Amino acid sequence: MLGLSKKDTTFLLIVIFLTLATPILLQPFPEGSPLAQFNAGYPDLMQRFAIYGIFAIGFNILFGLTGYLSFGHAAFLGVGSYSVVWMYKLLSYNVLPGLILAIITSALFALLIGYVSLRRSGIYFSILTLAFAQMSFNLAYSVLTPLTNGETGLQVYTDDPQVLMSAGAPTSPHLFGIVMNESTKIDVNGWQFTFSNGYYFCAIIAIVVFYLSLRIFRSPFGIMLRAIKTNQTRMSYTGLNARPYTLAAFVISGMYAGLAGGLLAAMDPLAGAERMQWTASGEVVLMTILGGAGTLMGPVLGAGFIKYFENIFSKINDTILHSWFSALPDGLEDAVVFMLHPFIGKGWNLTLGLLFMLVVIFLPGGLIEGGTRIWNLVTGKSRKTRSIVKDSEHQPKPPVHVN
Amino acid sequence: MGILEVTNVNKRFGGLQALSNVNLDVGQGTVHAIIGPNGAGKSTLLNVLVGKLIPDTGTVMFNGASVLGRKPYEINQLGISRVFQTPEIFGDLTVFENMLIPCFAKRDGAFRLHALESIASEAALIELAEHMLREVNMIDKRHMTASSLSRGDKRRLEMAMCLVQEPKLLLLDEPTAGMARADTNNTIDLLNQIHDSREITMVIIEHDMHVVFSLAKRITVLAQGTPLVEDTPENIKGHPKVKEAYLGEAAA
C-alpha cells in the first residue's frame, strides 16, 4: 500500500493510530488524582510533541542518514515562524499560505547555507552551520528589526493590512474557519480528554511528513545517503557525486524544520528571535540522539521525551515532594526532599542531562535500542541466543559419531 | 594504439622526483602489471592515472580523452573503475545494497533525486545485482552487513561492484595485499575468470611476483620513478636490469 512494503505499512498504521489516539493515551490518570499532574494530554504540550517530532524527523534525514551533524537547524525553525506571522500580517489568519511560504523560504535558506557549509565535513561542517544560525539569530535580533521586530518578536497588530481578512473571520490562526485554539473536552468517569483542533492539524501534518520520511528511508536516494555516511571514497569512485546528495538531504531537512517553525506560529501567532538561538539547534540534536539517530521512530520519541520533561518535570516543586513523602518521619522527609530538590522544578535540565548521559553510555542506539532490548527480553529472543544460532552456521559440524 | 596512453609524465614532490619521463601504452584487452621495489613511484603513477594527482608535465589519455584534473566520479563515468589496496566498500550497508549502488550509478549518473521511488520497483536493477552476486558466489551472503565479511569476501564484493558497471579499464592497487595464500589464489582465479569472460583491460600494481606472473600479459618495471623495461612476463623473469633494480648492483 502507498508504495510501502507490508511491514512498513503495518508500522505506518500503528504510528497513525498512536498519533490520533494521543489525547487519550497521554491522559492515563483521572482528573483530581494526585498523579494527574503527570498527564500530558493537554493541547499545548501535545502540539509541541507533534511539532518537535516533525523537526526531529527532518533533522534525522540529514544526521541519521548522511552523518552530517548540523548545529544550525534552529535558523530554519525561526525562518518558518517569521514567514507564517508575515502572512498573518499581510493576508489573513489562515495558516495555509504561511505554511507554504515557510517551506519555500526555509528551503531557499537551506540551499544557501547548505551550499556553503557542505564544502566541509565533520566538525567543520557543524561549526559552519552553527555560525550561520548564530548570524541569523543576531540578524533577526537586531539588524533586521523592520522585518523581525527585533527583541519584541513579530506579532500581528490591528493596523496591519490583512488584505484577505473578511468581516466575520476568526481573529486567531485558523484553517478555512477551523480555529486552531478551539477544542472539545469530553469527560468520562472522571477522566477528561481534550481534543484540540490545533493538535489534530499538527498531528495530520506530522503523519504525512513521517510517511514521506519513511519513503525517503526506503528509496534509492536513502541508500545513497547512507552510502555517503559509510564510505565517500567508494561513493565517488562508483561514479556518484556526493555533494548534490548531501545538499538535497540538507534542503529537505531544512524544509521540515521550516514547516515545524511555521506550525509553532500557527498554534501561537508569535515569532521571536530566540527560536533561532543555538540552544534550540542543540535541542534537536539531543532529541535525535536520545531517541536513536538513523531510526525512523527514535527522533519522535526523543522529541516527546524532552518536551515531556520540560513541561511536566519542571512543574514539580517542593510542596508536591513534601506531599509525596509525608508518610516518612519529619526529619527524614526533609532530608529526602532536600536531596531531590536539585533534580526537580527548575532543575529538570539536570535530570534530563543525567538521563542523556545514561542513554549515550549504555544505549548508544538511543531509546529505540532500549525498547528493542526490552522487547527481546520479553519475547525471549535475547541477544545471546541469537548470536549462538548465527555462529553455529560458521562453526565446524560436530563429527559424526562412529560406533 | 592503446586504450590508456601515458606520455612523458613527470611529477616532483619537493626534492623528490617521484616520476620522471614515464611513458606507458596499455593495449585494449590486455592485463598490464606495473611492478617495482618500494618507492619506485607505483602509487604515484596510479594516482596520476585516476586524476587524483596532476603531473608537472605530460598527458594521460584514456580512449582519446584526457583524465587529468577530472573528479573521481567523472573518471568512473569515462569507464575506469578502481580496486583499492584495502577494500573500499559500504561497510554499514548489506551486501545486496552494496551491489545496488553501482547499478543505480551506472543507470542514473552522478546524481538523481529518486527520493520517493521504491527499490522494489526496480526489477531490472535487482536482477542485475543478483546476477553479479551469483557470479562471484556471494548470493547467500546478500543480507549480511558488508563490514562483517571476511577480507577475501570484501575484495570479491568490491570487484563485483566495479564489474557490474562494465568498466573499460579496471585499475587494481595491490589486490592481494595482506591476504592469506588461499585468498590470494582465489583472487587470482577470479581475476583470470573476469578477464577471460569480459576482455576487460586491467592495470595491476603489485608487489607479489606470484600474482604478477599468474595474471599479467605485459609487465612494466618501474624503478626510481622511471620505467626500466616493458616486456612479456617470460622475458621479464630473467632480465638483468630487473634483477639489478630488485636485488642491487652486486647481483647483476
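Keep in mind that what you see is a predicted model, and the values were worked out from it rather than measured. What's counted below: heavy atoms across the whole structure, side chains too, no hydrogens, waters or symmetry copies.
Checking side-chain atoms of B:Asn76 against main-chain N and O of A:Tyr237 turns up a donor-acceptor pair under 3.5 Å.
For the pair B:Asp92 and A:Arg226, the minimum side-chain heavy-atom distance is 4.5 Å or more. Using a 4.5 Å cut-off on side-chain heavy atoms (C-beta onward), A:Ile223 and B:Phe104 make no contact.
Ranked by heavy-atom pairs under 4.5 Å with chain A, the list B:Leu100, B:Leu113, B:Asn98, B:Ile101 is led by B:Ile101. Comparing B:Met161, B:Lys71, B:Glu158 by how many heavy-atom pairs each has under 4.5 Å with chain A, the most go to B:Glu158. When B:Lys106, B:Arg82, B:Glu122 are compared by the number of non-hydrogen pairs under 4.5 Å with chain A, B:Arg82 comes out ahead.
When every heavy atom of A:Thr238 is checked against every heavy atom of B:Ala105, the shortest pair comes out as O-CB, 3.3 Å. B:Gly91 and A:Thr230 make their closest contact through N-CG2, 2.9 Å (heavy atoms, listed as atom of the first residue, atom of the second, distance).
Using a 4.5 Å cut-off between heavy atoms, B:Ala120 makes no contact with chain A at all. Of the two parts of A:Leu212, the backbone and the side chain both hold a non-hydrogen atom closer than 4.5 Å to a non-hydrogen atom of chain B. A:Ala227 touches chain B through backbone and side chain together, each having a heavy atom under 4.5 Å away. Within the 4.5 angstrom heavy-atom criterion, only backbone atoms of B:Ile89 (N, CA, C, O) approach chain A. Neither the backbone nor the side chain of B:Ile75 comes within contact range of chain A; no heavy atom of the residue lies under 4.5 Å from a heavy atom of that chain. For A:Arg218, the part lying near chain B is the backbone, with the side chain staying farther off; criterion is any non-hydrogen pair under 4.5 Å.
Taking non-hydrogen atoms and a 4.5 Å limit, the residue list of residues 42-51 of chain B in contact with chain A, ordered by number, reads B:Val50.
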Exercise. Please lay out, stage by stage, how A:Ser236 and B:Glu74 fare under the test side chain to side chain contact (heavy atoms under 4.5 Å, CB included).
Key: CA-CA 9 Å; A:Ser236 54; B:Glu74 293 169 328; over 6 Å; no
Self-check item: side chain to side chain contact (heavy atoms under 4.5 Å, CB included) between B:Phe90 and A:Asn231, intermediate numbers included
Solution: CA-CA 6 Å; B:Phe90 302 112; A:Asn231 192 337; 3.8 Å; yes
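At most 12 non-hydrogen atoms from other residues, nucleotides or ligands lie less than 6.0 angstrom from CZ of A:Phe109. Summarising the local packing, CZ of A:Arg120 is surrounded by 12 or fewer heavy atoms from other residues, nucleotides or ligands at distances under 6.0 Å.
In this structure, CE on A:Met224 lies 7.0 Å from CG on B:Asp108, to the nearest 0.5 angstrom. Rounding to the nearest 0.5 Å gives a distance of 9.0 Å between CZ of B:Phe111 and CG of A:Asn241. Put simply, CD on B:Glu117 and CD1 on A:Ile216 are 12.0 Å apart, with the number rounded to the nearest 0.5 Å.
Across B:Glu97, B:Arg112, B:Arg107, B:His114, a single residue satisfies side-chain contact (heavy atoms from CB on, under 4.5 Å) together with A:Pro220, and that is B:His114.
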